[in-house]
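To start, the structure itself, in structure tokens.
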Amino acid sequence: MYFLQKYNKYIYIVLLLACLLPWISPPVALFLGLAFALSCGQAFPVFNKKASKYLLQISVVGLGFNMNLHQALQSGKEGLIFTVVSVMSVMILGYLVGKKLRINQNISYLISSGTAICGGSAIAAIAPLVKAKENEMSISLGTVFILNAIALFFFPILGHLLRMSQEQFGLWAAIAIHDTSSVVGAGATYGAEALQVATTVKLTRTLWIIPIAFVTSLIFKNKNEKIYIPWFILFFVVAMVINTFLPFPQQINDGIIFTAHKGLTLTLFMIGSSLSLFALKQVGVRPVLLGIILWFFISVISLMVIL
């Protein structure tokens with residue numbers, strides 16, 4: 001163990017480069033990241049945090065070059081009702097269950113926001129508005145992170161066991177999985193059509209950060225706080241428009257898509273390697289229980305409606 005921690009930076013670099021190999025899929029990359037974090041500790045934490053954030057955004061924009069705007073609008077339209085109902089119901093249920101479990105109000109609100117919208121991105125956007133402390137953010141992010149990792153591995157398996165179509169699985173993943181990275185990773189594992197549906201519906205869902213942030217400002221009376229707006233969604237739409245009306249030569253388009261997939265794989269490794277034992281210990285039982293209840297609720301309800 002001492003040897004692994006002493007040379008963790010070198011091991012990190014080797015594993016990061018290994019993720020560029022063609023047979024390393026997004027779920028495998030996440031597993032490698034988790035295994036590294038638990039055995040070697042963290043390496044380059046500041047780099048990891050910034051690089052994973054921007055690499056994910058660039059990768060998502062790149063995936064837009066593989067999508068048709070007309071098909072995407074149809075998929076987004078079909079998922080709109082699910083999105084509205086699920087976001088509102090999770091926020092309300094989170095408040096009620098959090099109060100019942102006597103969980104800190106900020107932690108309960110952040111976990112509910114992360115589950116309802118888009119995981120860590122929503123938590124990061126909402127946290128300043130509720131003036132969340134660092135440990136409250138760590139607990140909320142840790143809870144969502146754990147459930148994300150589980151979802152990325154098991155959702156594709158469950159999808160195949162339930163014999164879900166590509167479109168059904170993509171819609172389910174977009175609604176029931178927290179972070180955009182895990183949604184895209186699960187969709188990519190399941191199939192190309194599932195990836196397109198999952199990405200489009202999830203990014204539509206991510207836009208809910210804006211109204212939820214405004215409502216949060218009113219509830220917590222922090223009207224002067226800045227609101228994080230996910231601008232990369234706009235570039236994702238631009239990429240779809242270009243691919244639909246001004247397509248690149250096939251070789252260039254294939255190169256962009258391949259690069260985007262590899263970027264996603266690297267992102268998931270970085271996210272996995274960011275896990276710390278300290279954050280795990282901080283999470284505690286009740287916040288995880290809240291996260292599981294909300295996750296189970298949205299997963300089962302959305303699955304019943306879709307099937």
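The residues of the chain are indexed from 1 along the displayed sequence.
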For the [atom1] atom of [X] and the [atom2] atom of [Y], what is their distance to the nearest 0.5 Å?
X    : Y    : atom1 : atom2 : value
L307 : R163 : CG    : CZ    : 13.0 Å
I117 : S112 : CD1   : OG    : 10.0 Å
S165 : W172 : OG    : CH2   : 12.5 Å
T244 : M240 : OG1   : CE    : 7.5 Å
F36  : I11  : CZ    : CD1   : 6.5 Å
I242 : F65  : CD1   : CZ    : 4.5 Å

List the atom of [X], the atom of [Y], and the distance in Å for their closest heavy-atom pair.
X    : Y    : value
S299 : F155 : OG-CZ, 3.8 Å
T115 : W295 : CG2-N, 4.2 Å
S302 : I298 : OG-O, 2.5 Å
S140 : L110 : OG-CB, 3.4 Å
R286 : L101 : NH1-O, 3.1 Å
T189 : G185 : OG1-O, 2.9 Å

Validation row: P287, I111 side chains within 4.5 angstrom (heavy atoms):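 A side-chain contact exists here, since the closest heavy-atom pair is under 4.5 Å.
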Any side-chain heavy-atom pair from I212 and V215 closer than 4.5 angstrom?
->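 Side chain of I212 against side chain of V215, heavy atoms only: no contact under 4.5 Å found.
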**Prompt:** Stepwise, does the side-chain contact (heavy atoms from CB on, under 4.5 Å) test hold for L195 with H261?
**Reply:** CA-CA 11 Å; L195 172 62; H261 278 283; 3.6 Å; yes
Do the side chain of [X] and the main chain of [Y] share a donor and acceptor less than 3.5 angstrom apart?
X    : Y    : value
K99  : G94  : no
S273 : M270 : yes
N148 : S182 : no
T199 : Q196 : no
K202 : V197 : no

Please determine whether residues [X] and [Y] belong to a single hydrophobic cluster, defined as Ile, Leu, Val, Met, Phe, Trp and Tyr linked transitively by side-chain heavy-atom distances below 4.5 Å.
X    : Y    : result
Y54  : L266 : no
V87  : F296 : no
M164 : I301 : yes
V300 : I177 : no
L20  : F47  : yes

Practice problem: Evaluate the criterion side-chain contact (heavy atoms from CB on, under 4.5 Å) for residue pair F169 and I306; output intermediate values, then yes/no. | Solution: CA-CA 9 Å; F169 180 81; I306 291 169; over 6 Å; no
- May I have the step-by-step check of side-chain contact (heavy atoms from CB on, under 4.5 Å) for I13 and F44, ending in yes or no? CA-CA 10 Å; I13 294 172; F44 311 111; 4.3 Å; yes
- When you look at Y190 and H160, which way does the ring pair (Phe, Tyr, Trp, His ring centres under 6.0 Å) test go after all the steps? CA-CA 8 Å; Y190 205 79; H160 287 299; 4.4 Å; yes
Verdict with reasoning, F269 to I24, per side-chain contact (heavy atoms from CB on, under 4.5 Å): CA-CA 10 Å; F269 171 78; I24 301 295; over 6 Å; no
